[in-house]
Structures are given as C-alpha cells and as structure tokens.
Chemist: 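Can you keep this structure in mind? I'll have questions shortly.
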Amino acid sequence: MLSFLLPLYVSLISLVSGYDEAELLFVGDAMQHQAQLDAARSSKSGYDYSAYFSAVEPYVREADFAVANLETPVGAAPYSGYPCFNAPPAFAKALSDAGFDLLLTANNHTLDRGAKGLKATIATLDSLGIAHIGTYADDSARVRALPKIVSINNIKFGFLNYTYGTNGIEPREGVVVDYIDRATIKADVEAARQAGAELVAVCIHWGDEYKLLPNKQQKHTADFLEAIGVDLVIGSHPHVIQPMELRPNRYKPEKNIFIVYSLGNFISNMRTPDTRGGAMARIKIRRGADRKPRIEEADYRLVFTVPGTSPANNFRLVEPSKIDDAAWKDKAALFAKRARAIFDEHNIGVPEAAQ
C-alpha cells in the first residue's frame, strides 16, 4: 500500500511546489557580418539592435532558460565582420535583453582578435552581467567558472562548451579556449555530476560548414558523449540546420538523450537559402515519481533573417511563415521547405512546434 501511495505523494508535492519541470531553449549562431554592423550603426560610435529579436523574444522568454552561441568577439572598436569578427557590446546586450540567459563563446571565431579580443569579450560580458562559458582569461578563471551548474526550477543542470578549433589561431597570454578533447570532456562531465548536476548539456562547435547532414566525426563524438552519460548535445558551426534526435540513451536506456547536430544560424548575413535561417530547439524536462528528471519532449521552430539597411529598417529575426516582406517571403519559404525536408526525413522524436 505504501509503495502505491509514494508516487502519488511525490507527484502532489511537486505539483504544490511548482518545481516539477523545466523548459530549455537553444538557438544557433548569433553573428555580426559587416552589413549587420553597417545597418545597426546609429551614430559615430553607437549601435542599435532594438528591433533584432522583437518578433521571437516572446518565445525566448517563455523558456525557463535560453542559450545562444555568440559567434563573434565583443568589446572595443574597431568593429568588423568576416573574416575576423568583432562586434560592439550592444549586440551582446541585445541578446540578453531578448531573454538569453547563457552565451557560448567556444567557437572557431573566438580568437579572431587574439588573446586581447578574448579577454575583452569576457570583460564585456561580465560588465553587462551576462553569463558565459567556453573561454577564460586564464586557467584559474576556468577553475572558478566550472563546473557551470544552474538550478532551473529546482532541477540542477551542468553546462559545458567546446570547439573543434579556432581557425588556426593559437591561444596566447594564458587565455583558455575549451577545445574538443575527450579526456577533458569526460573529466568535466564527471565534475559536473559530482557538483550536483542532474542533467548535463554539452554545447559543441563541430562539423562541416554548409552540410545538411552530420559527418562521421560528429556521429562518433555524439556516441562518445552518449556513452559517458551526457543528456543534451547541442551542436553548432555548420551554419545550416542538421537533424535532431530525442530517444533513449543506448547505454543507459532508463534515460533519454537529446541531440541536435546543428541549429544553423540564429542571425547573420549569410546569403544562400540554407544559411539564411536556423532552428530554435525547445526541450521539456520533468521530474518523475522516482524524483529523477527526464527529458520528456522536444520540438523546434524555424527562424529566418530578414536583412536591413539602417536602425530604422534593421536586420530582424522572423519565423518564415510570418514574413511580411514580399521581397523575402519566397526566400524564407525556400529555406523552410529545405529545412523541413531534412527534419522530416532524419529527425527522431522531434517534431516542429505547433504554430
């Protein structure tokens, strides 16, 4: 009788406390090409990003915790786009204002302005009160920062971030970039578990640019992460979407794993049909009667970048079906058609969110 009543009792306690589930949102590459910088420039030194995310901000803010890949250094002028990115602090602030709680900085452009640029990025994000992981001013800063444990509705998550490389630029002056290294990742995951993480998310910069399907190295790395018990694997770098999976962990079938090989671009000025947009992945976690949190649901929404030329007519992020600009409606429809074709054929357990 007691064994029958215990799950009901636990469920009632969770219901009363309101801490039985959490919703996470992950998006792709937040970039700043030169055309974006030119359009956002409002004065000699000022930049206005106020309209950038207004159309998707309500969706971002619905999540209990939202994460974006900041694929550009931010800090002091001069600012520049590709190939060596550097964006004004206002861009990072716009992401924070839109509702993002954590920015990822381990990617192939993090050293575009060298060690000085990396340190400036960290200082800028710290001054704005924006949480970040992936790069560190020195070894001691990494020790202080990790494991990154966040309690979200009383569920403890560990977040980690790694990149395949930094475009051949080596870290100097003691700065630390978290590169993909299996021994390091395994140790970091274990440290996160020991620090109380019930679920661990590894955000990873990997794969081949512009390819709509993951390569063998991505699959092998994902298999390694699954084997060591990582719960969420969130990929970036290809600048196009790649498939998503929500399924039982093959090594620990009592738990689910969520994998997205690439979320594509969040906002950028890339111009091919596949690079004009990306996906926002939403994951719902619920604590069961056994008190263990489990990934129960996941879905996605597509987003598309409509370019602009000035702060009054700036770049903006819009769901493809809601584009009101005739010049971009067909291009958005083509992006969405191609993305859905990949997701419909290759996704496992991750549908498109209801409109």
Chemist: Will you find, in the side chains of Thr275 and Thr272, an N or O donor that is under 3.5 Å from an N or O acceptor?
Modeler: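 Result is yes, a qualifying pair exists.
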Chemist: Verify, without hydrogens or angle tests, whether Tyr210 (side chain) and Asp208 (backbone) share a donor-acceptor contact under 3.5 angstrom.
Modeler: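 The answer is no, because no donor-acceptor pair under 3.5 Å joins these two groups.
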Chemist: In sequence, state the C-alpha distance, the side-chain angles, and the governing distance for Tyr179 and Tyr164, and then conclude on ring-ring contact (aromatic ring centres under 6.0 Å, His included).
Modeler: CA-CA 6 Å; Tyr179 294 104; Tyr164 75 93; 8.9 Å; no
Chemist: Say whether Ile133 and Leu70 are linked into one hydrophobic cluster, either directly or through other cluster members, by side-chain heavy-atom distances under 4.5 angstrom.
Modeler: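 No.
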Chemist: Are any non-hydrogen side-chain atoms of Ile295 and Leu246 less than 4.5 angstrom apart?
Modeler: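 Of all side-chain heavy-atom pairs linking Leu246 with Ile295, at least one is under 4.5 Å.
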Chemist: Side chains of Asn108 and His205: donor-acceptor distance under 3.5 Å anywhere?
Modeler: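 Their side chains do contain a donor-acceptor pair, which is all the 3.5 Å distance test asks for.
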Chemist: Between Val177 and Thr110, is any pair of side-chain heavy atoms under 4.5 Å apart?
Modeler: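 Yes, close enough: below the 4.5 Å cut-off.
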Chemist: Rounded to the nearest 0.5 Å, what separates atom OH in Tyr300 from atom CD1 in Ile241?
Modeler: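 Tyr300 OH to Ile241 CD1: 8.0 Å, rounded to 0.5 Å.
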Chemist: Tell me whether Ile185 is reachable from Val200 by hopping between hydrophobic residues (I, L, V, M, F, W, Y) whose side-chain heavy atoms are closer than 4.5 Å.
Modeler: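 Yes, Val200 and Ile185 fall within the same hydrophobic cluster.
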Chemist: Quick check: do Lys156 and Val150 have side-chain heavy atoms less than 4.5 Å from each other?
Modeler: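 Side-chain contact under 4.5 Å: no.
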Chemist: Between Tyr79 (side chain only) and Gly75 (backbone N and O only), is there a donor and an acceptor less than 3.5 Å apart?
Modeler: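 Present.
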Chemist: Glu71 side chain to Asn107 main-chain N or O, any donor-acceptor pair under 3.5 Å?
Modeler: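 It does not hold such a pair.
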Chemist: Is Thr121 reaching over with its side chain to a backbone N or O of Val74, donor-acceptor style, under 3.5 angstrom?
Modeler: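 Checking the backbone N and O of Val74 against the side chain of Thr121, a donor-acceptor pair under 3.5 Å is found.
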Chemist: Answer with yes or no whether the side chains of Asn161 and His132 bring together a donor and an acceptor at under 3.5 Å.
Modeler: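 Their side chains do not contain a donor-acceptor pair, so the 3.5 Å distance test is not met.
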Chemist: Using the rule given for side chain to side chain contact (heavy atoms under 4.5 Å, CB included), can you reason through Arg271 versus His33, listing the C-alpha separation, both sets of side-chain angles and the distance that settles it, and then say yes or no?
Modeler: CA-CA 11 Å; Arg271 298 177 182 178; His33 290 90; over 6 Å; no
Chemist: Can you confirm whether Val175 sits close enough to Thr135 that some side-chain heavy atom of one is under 4.5 Å from a side-chain heavy atom of the other?
Modeler: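 No, too far: nothing below the 4.5 Å cut-off.
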Chemist: Answer yes or no on whether Arg301 is positioned over the face of Tyr59, meaning its NZ or CZ is under 6.0 Å from the six-membered ring centre and within 45° of the axis.
Modeler: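 Output yes; distance and angle both within limits.
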Chemist: Taking atom types as modelled and ignoring hydrogens, do the side chains of Tyr49 and Gln32 form a donor-acceptor contact shorter than 3.5 angstrom?
Modeler: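 Yes, side-chain donor-acceptor contact under 3.5 Å.
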Chemist: Any carboxylate oxygen within less than 4.0 angstrom of a Lys/Arg side-chain nitrogen, looking at Asp324 and Arg316?
Modeler: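 Looking at Asp324 and Arg316, the cut-off is met.
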Chemist: Check Ala87 against Thr72 and note the closest heavy-atom contact, atom names and distance.
Modeler: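 Nearest pair, atom of Ala87 first, then Thr72: N-OG1, 3.5 Å.
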Chemist: Taking all atoms of both residues into account, what is the closest heavy-atom pair of Lys211 and Val240, and its distance?
Modeler: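 Closest heavy-atom pair between Lys211 and Val240: O-CG2, 3.2 Å.
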Chemist: Quick test of your reading of the model: are Asp188 and Arg142 salt-bridged, counting only N-O distances below 4.0 Å?
Modeler: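 So Asp188 pairs with Arg142 through a salt bridge.
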Chemist: Between the side chains of Ser140 and Asp138, is a donor N or O closer than 3.5 angstrom to an acceptor N or O?
Modeler: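 Result is yes, a qualifying pair exists.
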Chemist: Using every non-hydrogen atom in the two residues, find where Pro147 and Ala192 come nearest and quote the distance to one decimal.
Modeler: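 Pro147 and Ala192 have their closest heavy atoms at CB-CA, 3.7 Å.
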Chemist: Are Glu254 and Lys292 close enough for a salt bridge, meaning some N to O gap below 4.0 Å?
Modeler: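 Salt bridge flag = no for Lys292 with Glu254.
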Chemist: Kindly give the heavy-atom pair with the smallest separation between Leu95 and Ala30, and that separation in Å.
Modeler: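 Looking at all heavy atoms of both residues, the shortest contact is CD1-CB, 4.0 Å.
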Chemist: Linking I/L/V/M/F/W/Y whenever any side-chain heavy atoms sit under 4.5 Å apart, do Leu104 and Val303 land together?
Modeler: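 No, Leu104 does not connect to Val303 through the hydrophobic network.
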Chemist: Between Arg340 and Asp344, does any side-chain N to carboxylate O distance fall below 4.0 Å?
Modeler: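 Salt bridge absent between Arg340 and Asp344.
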Chemist: Without swapping roles, check the side chain of Ser96 against the backbone of Ile130 for a donor-acceptor pair under 3.5 Å.
Modeler: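 Here the side-chain-to-backbone pair does not exist.
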Chemist: Tell me if a side-chain donor or acceptor on Asp29 pairs with a main-chain N or O of Phe266 at a distance below 3.5 Å.
Modeler: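 Side chain of Asp29 to backbone of Phe266: no pair is present.
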Chemist: Using the side-chain contact (heavy atoms from CB on, under 4.5 Å) rule, pick out the option among Thr305, Asn265, Ile267 that qualifies with Met31.
Modeler: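 That would be Asn265.
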Chemist: Could you tell me if His220 and Asp223 have a donor-acceptor pair between their side chains, going purely by distance under 3.5 Å?
Modeler: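 No.
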Chemist: Does a donor on one side chain and an acceptor on the other come within less than 3.5 Å for Ser80 and Arg113?
Modeler: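 There is such a pair (donor and acceptor under 3.5 Å, judged by atom type) between the side chains of Ser80 and Arg113.
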Chemist: Do the charged groups of Lys255 and Asp231 touch, with an N to O distance under 4.0 Å?
Modeler: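 Counted as a salt bridge, because a side-chain N and a carboxylate O are separated by less than 4.0 Å.
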Chemist: Quick one: do Phe258 and Val27 end up in the same hydrophobic cluster if we chain Ile, Leu, Val, Met, Phe, Trp and Tyr together by side-chain heavy atoms under 4.5 Å apart?
Modeler: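 No, Phe258 does not connect to Val27 through the hydrophobic network.
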Chemist: Can you confirm whether Phe304 sits close enough to Lys331 that some side-chain heavy atom of one is under 4.5 Å from a side-chain heavy atom of the other?
Modeler: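 Side-chain contact under 4.5 Å: yes.
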Chemist: Assess whether a salt bridge exists between Arg193 and Glu190, defined as any Lys/Arg side-chain N lying under 4.0 Å from an Asp/Glu carboxylate O.
Modeler: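 Salt bridge flag = no for Glu190 with Arg193.
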Chemist: If you round to the nearest 0.5 Å, how far is NZ of Lys219 from CD1 of Ile259?
Modeler: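 The CD1 atom of Ile259 sits 10.5 Å away from the NZ atom of Lys219.
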Chemist: Is the closest side-chain donor-acceptor distance between Asn256 and Arg294 under 3.5 Å?
Modeler: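 Indeed, the side chains of Asn256 and Arg294 share at least one donor-acceptor pair under 3.5 Å.
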Chemist: Do Asn86 side-chain atoms and Ala76 backbone N/O form a donor-acceptor pair below 3.5 Å?
Modeler: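 Checked: pair present.
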Chemist: Mind running side chain to side chain contact (heavy atoms under 4.5 Å, CB included) on Val67 and Phe100 for me, showing each step along the way?
Modeler: CA-CA 6 Å; Val67 182; Phe100 287 99; 5.7 Å; no
Chemist: List the atom of Ile122, the atom of Ala137, and the distance in Å for their closest heavy-atom pair.
Modeler: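 The pair with the smallest heavy-atom distance is CD1-N, 3.5 Å.
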Chemist: Is Glu21 salt-bridged to Lys284, going by a charged N under 4.0 Å from an acidic O?
Modeler: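 No, Glu21 and Lys284 are not salt-bridged.
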Chemist: Between Phe85 and Phe91, is the ring-ring contact (aromatic ring centres under 6.0 Å, His included) condition met? List the steps.
Modeler: CA-CA 12 Å; Phe85 292 103; Phe91 179 57; over 10 Å; no
Chemist: Is the cationic atom of Arg182 (NZ for Lys, CZ for Arg) positioned less than 6.0 Å from the six-membered ring centroid of Phe224 and within 45 degrees of its normal?
Modeler: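 Judged by the rule, Arg182 and Phe224 form a cation-pi pair.
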Chemist: Could you check whether atom NZ of Lys93 has more than 12 heavy atoms from other residues, nucleotides or ligands sitting under 6.0 Å from it?
Modeler: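 At most 12 heavy atoms, drawn from other residues, nucleotides or ligands, come within 6.0 Å of this atom.
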Chemist: Evaluate the side chain to side chain contact (heavy atoms under 4.5 Å, CB included) criterion for residues Val350 and Phe343: first the C-alpha distance (whole Å), next the side-chain angles of each, then the deciding distance (0.1 Å), finally the verdict.
Modeler: CA-CA 8 Å; Val350 187; Phe343 288 149; over 6 Å; no
Chemist: Apply the test side chain to side chain contact (heavy atoms under 4.5 Å, CB included) to residues Asp126 and Leu128: give CA-CA distance (whole Å), side-chain angles for both, the deciding distance (0.1 Å), then the verdict.
Modeler: CA-CA 5 Å; Asp126 287 346; Leu128 294 170; over 6 Å; no
Chemist: Evaluate the side-chain proximity of Leu111 to Pro171: yes if any heavy-atom separation is below 4.5 Å, no if none is.
Modeler: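 The answer is yes, as the side chains (C-beta and beyond) meet within the 4.5 Å cut-off.
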Chemist: With a 3.5 Å cut-off and no angle check, do the side chains of Gln217 and Asn215 form a donor-acceptor pair?
Modeler: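 Side chains of Gln217 and Asn215: no pair found under 3.5 Å.
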Chemist: Any carboxylate oxygen within less than 4.0 angstrom of a Lys/Arg side-chain nitrogen, looking at Glu297 and Arg282?
Modeler: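 No, Glu297 and Arg282 are not salt-bridged.
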Chemist: Tell me yes or no: between the side chains of Asp181 and Tyr162, is some donor less than 3.5 Å from an acceptor?
Modeler: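 There is no such pair (donor and acceptor under 3.5 Å, judged by atom type) between the side chains of Asp181 and Tyr162.
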Chemist: Using modelled atom types only, decide if a donor and an acceptor are shared between the side chain of Arg287 and the backbone of Asn154 within a distance under 3.5 Å.
Modeler: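 A pair under 3.5 Å: yes.
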Chemist: Check whether any side-chain heavy atom of Phe65 sits under 4.5 Å from a side-chain heavy atom of Phe157, and report yes or no.
Modeler: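 Counting from C-beta outward, Phe65 and Phe157 never come under 4.5 Å.
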Chemist: Does any non-hydrogen side-chain atom of Ile257 lie less than 4.5 Å from one of Arg247?
Modeler: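 Side-chain contact under 4.5 Å: yes.
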Chemist: Would you say Asp38's side chain and Thr309's backbone share a donor-acceptor pair under 3.5 angstrom?
Modeler: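 No; judged by distance alone, with no hydrogens or angles, the pair does not exist.
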Chemist: Taking all non-hydrogen atoms of both residues into account, name the closest pair between Pro351 and Ala298 and its distance.
Modeler: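 Smallest interatomic distance, heavy atoms only, reads CD-O, 3.2 Å.
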Chemist: Tell me if a side-chain donor or acceptor on Asn249 pairs with a main-chain N or O of Glu226 at a distance below 3.5 Å.
Modeler: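 Here the side-chain-to-backbone pair exists.
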